Amino acid sequence: MKNISIKVKITMWYLLLMAIMVIMALGFIFAVSSSVVTQTAMNRISSTVRGNLSQIDFIDGKLSLSEDFHFYQNGIYTLVYSKNEALLAGQIPVNFTENEGFENGLTRIVSTEDDEYYVMDLWRPFDWENGVWVRGLMEVPQDQMMLKNLITVIGIAMPAFILIATIGGYWIAKRAFKPLEDIISTAKSINEASDLSARIEIPNGNNEFTRLAKTFDEMFNRLEKSFEAEKQFTSDASHELRTPISVIKSACEYGLKYDETAEERQETLSMIQRQSDKMSGIVSQLLNMTRLEQGTEKASFVKTDIGLFVKSICDEQTDDKNIIFNAEENIMASVDKTMILRLIQNLIDNAAKYGSKDGHIWVTVSADEKNALISVKDDGIGIDKSEQSKIWQRFYQVDSSRSAASGSGLGLSIVKKIAEIHKGYMTLESEPFKGSNFTFHLPKEK
Ligand code: ADP
């Protein structure tokens, strides 16, 4: 039963239900029609016997039957018995019992060995003492004949009916289950061809199947996104890690071959250390980025006093960064603190990296009508207008010789992503050799 498809199960269920209904209806028709037949037969026997009764007379002490008396008419036998129940006239049907007692005026069914008879007796009195019994006999119509006909009809009609019902039911069930078949074949094609871009795309509607299809499409979207992110991660990671690895490799080869003094070895080792630091930075930024993009790192928003929070971040920075902090009071917003810390830290690190040697970093918290504004400003090298839209892309570095030392080109794409997760956005004002001002516009709360 478990392996039978739902379509077949539904079809079978309705078929069974219909068969029960048909049998019940036939039973009812049969019961009603046989009661009608009985009633008609009883009326017939009664009117025939009564008709014959009026044709009996007793003239001069003798029984006299008129010409209109019929011993056999319309399948009804009429018999005349004496008061002592001795047959006076008429012929008893062969298989009717001879000693059936008399009951005046009552029509009843008497069963004999092979047959059943309707029997009706009427007493025809001639005077106070004498009279005759008039008995009507009628074979109970062979209901079997009717039943036989009925069974023949049903025997022919039922299989045809079942066949039509099965085909129709199966066809309807198949149509109803079509969306499910689509879902199965799409899921199969995705599985077999590894084609994550395929979608079920069931047309409008809000039934169980369309909802299931939508859920599947959403799941495929997510799967495709995370699959793409993983692919991107692998290719980015291998591409970005190739440079420091090859630097480390050649430094090792060179050091092993040519380094003789402790000083030379020291220099090679520091280069290896710098490249390892860079690699570990790239790997952790890549992980951050991928987690944010895949949504595996879920934001947990907490209503926060932004001024106080940003101040606490600035307080933890090293003194050499020369931070000048300024904040308006009571600016509230819902933020994921870990993410915002990462955003501000990235901006401060960049401001320090690309700032002038003894320059300053201004961190300011203010607000406009809608947003809290967190800006990190430096007086460093600035960014050319033509580069300003590109720096948000993954791995984009304006001057790779300057940033290559420690950067991965991922910091600002992470910043942008975190701003989006907070339903905010980043803006940049920058001029080469004057400095840059990065501002995070974060929807504020009351
Ligand atoms: P990186 O790890 O290279 O710093 P980011 O994504 O943080 O990567 O920054 C991308 C590029 O944008 C940097 O390589 C740099 O050229 C430029 N940039 C970022 N911040 C500043 C800044 N404050 N001043 C000047 N240039 C900047």
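In each ligand, atom 1 is the first atom listed, and ligand 1 is the first ligand listed. In this text, all values refer to a predicted model and were calculated from it rather than measured experimentally.
Here's the thing with L412: one of its N/O atoms is less than 3.5 angstrom from an N/O atom of ligand 1. Residue G382 has no nitrogen or oxygen atom sitting less than 3.5 Å from a nitrogen or oxygen atom of ligand 1, judged on distance alone. Residue K353 has at least one N or O atom closer than 3.5 Å to an N or O atom of ligand 1. Considering backbone and side-chain N/O of G411, one or more are found under 3.5 Å from N/O of ligand 1.
Other residues, nucleotides and ligands contribute over 12 non-hydrogen atoms within 6.0 Å of the CZ atom of F102.
For the side-chain hydrogen bond (donor to acceptor under 3.5 Å, both in side chains) test, no residue two or more places apart in sequence or in another chain qualifies with E267.
Between the side chains of Q345 and D349, a donor-acceptor pair is found at a separation under 3.5 Å.
Close contacts of ligand 1 with L410, meaning ligand atoms under 4.0 Å from a residue heavy atom, involve 6 (O), 8 (O). Close contacts between ligand 1 and G409 involve ligand atoms 1 (P), 2 (O), 3 (O), 6 (O), 8 (O) [criterion: under 4.0 Å to a heavy atom].
Remark: side-chain polar atoms of N437 are not paired, donor with acceptor, to backbone N or O of E429 under 3.5 angstrom. Counting only distance, with no hydrogens or angles, the side chain of Q388 and the backbone of I383 share a donor-acceptor pair below 3.5 Å. Between the side chain of D384 and the backbone N or O of S386, at least one donor-acceptor pair lies under 3.5 Å.
For W392, the heavy-atom gap to ligand 1 stays at 4.0 angstrom or more.
At a heavy-atom cutoff of 4.0 Å, ligand 1 is contacted by the backbone of Y396 but not by its side chain. Under 4.0 angstrom from ligand 1, the non-hydrogen atoms of V398 come from both its backbone and its side chain. Under 4.0 angstrom from ligand 1, the non-hydrogen atoms of D378 all belong to its side chain. Neither the backbone nor the side chain of E387 has a heavy atom within less than 4.0 Å of ligand 1.
The existence of a salt bridge linking D121 and R108 is confirmed by a sub-4.0 Å separation between a basic side-chain nitrogen and an acidic carboxylate oxygen. Using a cut-off of 4.0 Å between Lys/Arg side-chain N and Asp/Glu carboxylate O, K225 and E228 are scored as not salt-bridged.
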